[in-house]
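Beneath this line is the structure, given in structure tokens, with notes to follow.
Proteins come first, then strands; the chains are lettered A, B, ... in the order of their sequence lines, and each starts at number 1.
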Amino acid sequence: MSGGGRGGVMKVLHVAEKPSVAKSVATILSRNNGGLRTREGRSRYNKIFEFSYSINGRPCHMLVTSVTGHLMELEFQDRYRKWHSCDPADLFHAPVHKFVPEDKLDIKRTLEEEARWCQWLVLWLDCDREGENIAFEVIEVCTAVNPHLTIKRAHFSALIDREIHEAVQRLVEPNKCFADAVDARQEIDLRIGASFTRFQTMLLKDAFVIDFTTDDRNLVLSYGPCQFPTLGFVVERYWEIQAHEPEEFWTINCSHKSDEGIATFNWMRGHLFDYTCAVIIYEMCVQEPIATVTKVRQQEKLKYPPYPLNTIELEKRASRFFRMSSEHTMKVAEDLYQAGFISYPRTETDGFSQRTDLHAIVQEQQRHPVWGPYAQQLLEPGSGLWRNPGNGGHDDKAHPPIHPTKFSSGESGWSQDHHRNYLDVYRFESWGSSTIPTYVSGQQFVPTSLTLDSGVTRPPPLLSEADLLSCMDKEGIGTDATMHDHIKKLLDRFYATKDSNMRFSPTNLGEALVMGYDDMGYKLWKPYLRAVMERDMKAVSEGTKSKAEVLTTSLQQMKACFVDARLNKVKLFEAMAVFFERSNRSGGDEQHAAGEVVRPCVLCQESDMVLRRNRDGNFMVGCMGYPQCRNAVWLPGSLSEAVVTANICNTCTPGPVYMIQFKFRPLEIPPNYNANHLGCIGGCDEILRQLIEICGTGSRIPARGRGSSASASNVQQSNSRHGEARHSACIYCHQTGHSSSDCPSQVSGSRSARHRGMNPQSGEPSVPCSTCGTPCILRTANTANNRGRKFYSCQSQECNFFVWEDNLNNVTGRNVQRGRTSVSASNTSRSGGRGRGGRGGSRATATATFVSATGDPVTGRRCFVCGDPSHFANVCPNRGS
DNA sequence: GCAAGGTC
């Protein structure tokens with residue numbers, strides 16, 4: 001019989017994913033005379049609960065404790081931890097290991113101490129893949145000290161009595177497939193993240209002047225399978241906006257004022273882009289102004305209350321109504337949860353289970369000064385107000401939707417944000433209703449106003465935090481508990497910014513990185529990669545694929561992608577060069593920056609010395625501090641291979657000095673020397689010294705042009721947008737004669753309108769918007785009528801400023817100068833004095849002809865009321881209105 | 001100095 005302790009009381013160790021669950025499980029199970037006792041463990045957060053219970057009739061001494069999420073981390077072996085310790089491509093196969101980090105050692109000790117004297121281990125981790133993986137971490141720690149443990153898994157979907165009692169009587173086996181799926185995910189995330197992060201940081205950080213007013217050493221250009229697609233959403237929307245070319249349209253609006261109020265009528269055709277058509281129809285209306293009601297339709301509009309809150313919806317609503325970032329929202333929610341005011345804030349569930357006592361939840365709120373009376377009303381049986389909330393159809397089987405759990409009239413020391421979390425009688429949405437006068441079919445009236453108005457098509461808005469969360473949710477980027485982290489990471493890494501309207505734009509850096517990978521043809525910034533990983537994980541968790549299989553294939557693919565990306569790194573360079581000045585610091589070639597560490601530099605005593613190969617193929621060990629420190633040891637020219645080993649020389653100091661496995665070309669060294677030699681560059685190696693003396697160092701075959709084309713970093717792209725850059729080859733088509741911003745190969749599709757060369761410091765031509773002052777950059781139209789024509793338009797979401805560059809020159813009589821040329825929108829606006837935007841009321845007083853939607857002067861069009869070409873009929877002063 | 005996932 002397994003379990004030992006035949007006939008006696010069996011000792012059972014229960015481990016939950018978090019302290020709160022341990023407490024709930026212990027409280028529920030001990031309720032019937034269990035005699036619950038609490039004692040401290042090694043970790044101050046993770047208490048140990050003890051009581052008596054019987055499992056399937058067998059008396060047990062129960063110990064319930066917890067971990068706090070994952071107990072272990074995955075890391076590369078020490079040898080590969082330093083950034084310059086290896087080629088980043090090696091990180092796809094460098095050995096990794098799982099270990100318990102420093103801050104979790106207390107928990108580990110508690111588990112070890114308690115597991116030692118127990119017979120059973122019961123795992124109460126959350127019932128999802130991560131929970132299963134944590135379960136195996138706990139198993140590893142516990143079985144290491146007690147290999148005889150019988151291991152069981154409790155399956156529960158809610159922390160309620162029946163579920164918990166049932167779970168403990170129906171223990172199952174832990175599911176290794178689930179845990180394996182997470183192992184695979186962890187390893188892939190680590191390898192991809194570390195390799196690409198090191199690669200792009202070392203490639204670009206020092207090669208460009210990236211000025212983010214931060215300590216330069218902290219600038220990391222990270223890559224991650226979640227953060228990059230998140231950035232991708234932001235950049236894609238931004239490009240969509242950039243690519244938008246405003247088009248003027250015309251609409252006829254009619255209103256009618258009666259005793260009952262004002263009715264506004266919309267034109268069934270919506271709007272027309274053709275001015276002539278619109279004005280003809282409008283003039284017909286004006287000449288026959290009597291309106292006839294042809295149909296009256298009444299429609300009931302329903303508005304449903306929202307579904308119960310899950311984490312994502314909570315974050316979206318806090319962002320929309322309170323302008324709180326998702327990250328801050330989760331902090332506040334955590335505070336409220338810790339204090340017992342709301343239920344667990346990380347949940348996917350958006351429907352209450354049948355078993356939830358909703359009346360009890362509402363009862364708690366009866367004393368509240370604001371919504372207490374409403375709560376009381378709800379509970380009154382006669383009021384007929386009670387209605388169960390809807391169900392959004394999601395259930396994570398672990399937690400209920402987020403709801404208030406007890407009454408609070410405000411705790412001292414809490415910020416306003418803490419109070420905001422209640423969905424009270426919901427003051428944050430309105431019915432949005434309006435009442436209109438009643439009409440009957442056949443009724444006739446003369447409109448109070450009838451206008452021909454112009455409008456301009458607008459691009460979609462920048463992504464809000466709620467939009468971004470929706471995109472991530474839809475594409476499966478991150479989990480409900482981590483999405484806000486990924487968004488914050490974009491801000492922390494200077495990849496994106498959030499404006500005062502809580503909307504996200506990419507920074508130059510964020511845009512350049514996405515552009516670089518996009519130009520390589522890689523969808524690394526798209527959600528597909530994550531989707532493939534998610535599919536693989538599912539296959540592993542269902543047992544249709546093995547962990548090893550998924551790891552092998554996906555790492556193989558990712559490594560191929562990495563190697564290819566590195567071959568195409570010029571694309572990243574070019575994209576960066578669009579936005580940033582090149583620096584004259586070292587770097588820019590991660591191959592040069594990388595190298596295997598051989599020893600600490602004795603000269604500068606700051607950096608490591610690494611094994612490198614120069615462009616001629618010769619080996620040397622040079623200081624990472626180059627060019628500040630020029631310490632170098634040149635190795636024999638007869639070397640064909642050299643690899644740093646893990647062997648440390650026991651004579652040379654200061655150490656460690658790693659020994660190098662040398663391989664010489666046999667024909668180039670004297671016959672009495674071995675072609676394979678494990679040597680040391682620290683000074684102790686007599687053989688190496690002799691070979692250097694015999695063979696010399698440096699170029700083995702002088703001046704034969706070897707390696708002259710080997711440089712993969714000969715990017716000569718100048719970042720200057722003026723002067724010499726115009727004479728160098730375009731970075732897109734590689735032709736001379738135009739700059740990259742004018743490249744004809746780039747002026748179609750959304751790519752054409754990308755934000756190229758708009759670095760404010762670069763002196764790109766721009767005009768300040770006369771309405772809001774935002775600098776407007778020069779862009780090129782791509783419409784049938786105006787292909788290639790340049791225009792300025794305001795990038796502000798709220799502003800309609802637009803002007804053709806050639807009009808500007810005509811109007812102001814001079815060319816646009818860099819920076820601060822001021823332009824009056826009223827003189828240059830396309831739409832003259834018409835329209836509702838209030839743009840350019842000056843048109844009515846101008847003597848010029850009309851300006852059409854394309855900006856060209858229009859001849860032969862004049863007010864049909866008085867014939868004056870300076871205005872249209874709708875604003876004619878001679879027309880009785 | 002690197003990822004994403006748990007959670008305090």
Side chain to side chain, Leu190(A) and Glu187(A), heavy atoms closer than 4.5 Å: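 No, every pair of side-chain atoms sits at 4.5 Å or beyond.
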Between [options], which nucleotide gets closest to the side-chain atoms of [X]?
{"X": "Lys18(A)", "options": "dA3(B), dT7(B), dG1(B)", "value": "dT7(B)"}
{"X": "Glu17(A)", "options": "dG6(B), dG5(B), dG1(B)", "value": "dG6(B)"}
{"X": "Arg493(A)", "options": "dA4(B), dA3(B), dG1(B)", "value": "dA3(B)"}

Residues in salt bridge (Lys or Arg N to Asp or Glu O under 4.0 Å) contact with Asp467(A), at least two apart in sequence or another chain: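 Testing Asp467(A) for salt bridge (Lys or Arg N to Asp or Glu O under 4.0 Å), a comparison that skips the adjacent residues, returns Arg503(A).
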Over how many whole Å does the gap from [X] atom [atom1] to [N] atom [atom2] extend?
{"X": "Leu524(A)", "N": "dC2(B)", "atom1": "CG", "atom2": "P", "result": "20 Å"}
{"X": "Ile192(A)", "N": "dA4(B)", "atom1": "CD1", "atom2": "C1'", "result": "11 Å"}
{"X": "Phe228(A)", "N": "dC2(B)", "atom1": "CZ", "atom2": "C1'", "result": "13 Å"}
{"X": "Met537(A)", "N": "dG6(B)", "atom1": "CE", "atom2": "C1'", "result": "13 Å"}
{"X": "Ile107(A)", "N": "dG6(B)", "atom1": "CD1", "atom2": "P", "result": "17 Å"}
{"X": "Phe562(A)", "N": "dA3(B)", "atom1": "CZ", "atom2": "P", "result": "15 Å"}
{"X": "Leu71(A)", "N": "dG6(B)", "atom1": "CG", "atom2": "P", "result": "16 Å"}
{"X": "Trp525(A)", "N": "dA3(B)", "atom1": "CH2", "atom2": "C1'", "result": "21 Å"}

In chain order, what residues pass the side chain to side chain donor-acceptor pair (under 3.5 Å) check against [X], with sequence neighbours excluded?
{"X": "Glu114(A)", "result": "Arg39(A), Trp117(A)"}
{"X": "Ser470(A)", "result": "Lys316(A)"}
{"X": "Thr311(A)", "result": "none"}

Given [N], is OP1 or OP2 found less than 4.0 Å from the side-chain N or O atoms of [X]?
{"X": "Lys489(A)", "N": "dA3(B)", "result": "yes"}
{"X": "Ser195(A)", "N": "dC2(B)", "result": "no"}
{"X": "His486(A)", "N": "dG5(B)", "result": "yes"}
{"X": "Arg530(A)", "N": "dA4(B)", "result": "no"}
{"X": "Thr479(A)", "N": "dG6(B)", "result": "yes"}

Using a cut-off of 4.0 Å on non-hydrogen atoms, how would the nucleic acid contact of [X] be classed: base, sugar-phosphate, or nothing?
{"X": "Thr201(A)", "value": "base"}
{"X": "Gly131(A)", "value": "nothing"}
{"X": "Phe196(A)", "value": "nothing"}
{"X": "Glu75(A)", "value": "base"}
{"X": "Arg129(A)", "value": "nothing"}

Pair Asn46(A)-Thr65(A), side-chain hydrogen bond (donor to acceptor under 3.5 Å, both in side chains): steps then yes or no: CA-CA 6 Å; Asn46(A) 306 83; Thr65(A) 188; 5.7 Å; no
Qualifying residues under ring pair (Phe, Tyr, Trp, His ring centres under 6.0 Å), relative to His403(A), sequence neighbours excluded: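 For His403(A) the ring pair (Phe, Tyr, Trp, His ring centres under 6.0 Å) partners, ignoring immediate neighbours, are Phe352(A).
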Phe76(A) CZ: over 12 foreign heavy atoms closer than 6.0 Å: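 Yes, enclosed.
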Residues Arg153(A), Glu132(A): salt bridge by 4.0 Å N-O rule: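 Glu132(A) and Arg153(A): salt-bridged.
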Trp83(A) over dG1(B), stacked by centroid distance under 5.5 Å, angle under 30°: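 Stacking between Trp83(A) and dG1(B): present.
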Residue mapping more 5' on DNA chain B - nearest nucleotide basis, Asp103(A) or Pro225(A):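 That would be Pro225(A).
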Closest-nucleotide ordering on DNA chain B, the 5'-leading residue of Ala481(A) and Tyr80(A):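 This one resolves to Tyr80(A).
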Residues touching DNA chain B, which here means a heavy atom under 4.0 Å, drawn from residues 174-190 of chain A: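 Under 4.0 Å from DNA chain B: Arg185(A), Gln186(A), Asp189(A), Leu190(A).
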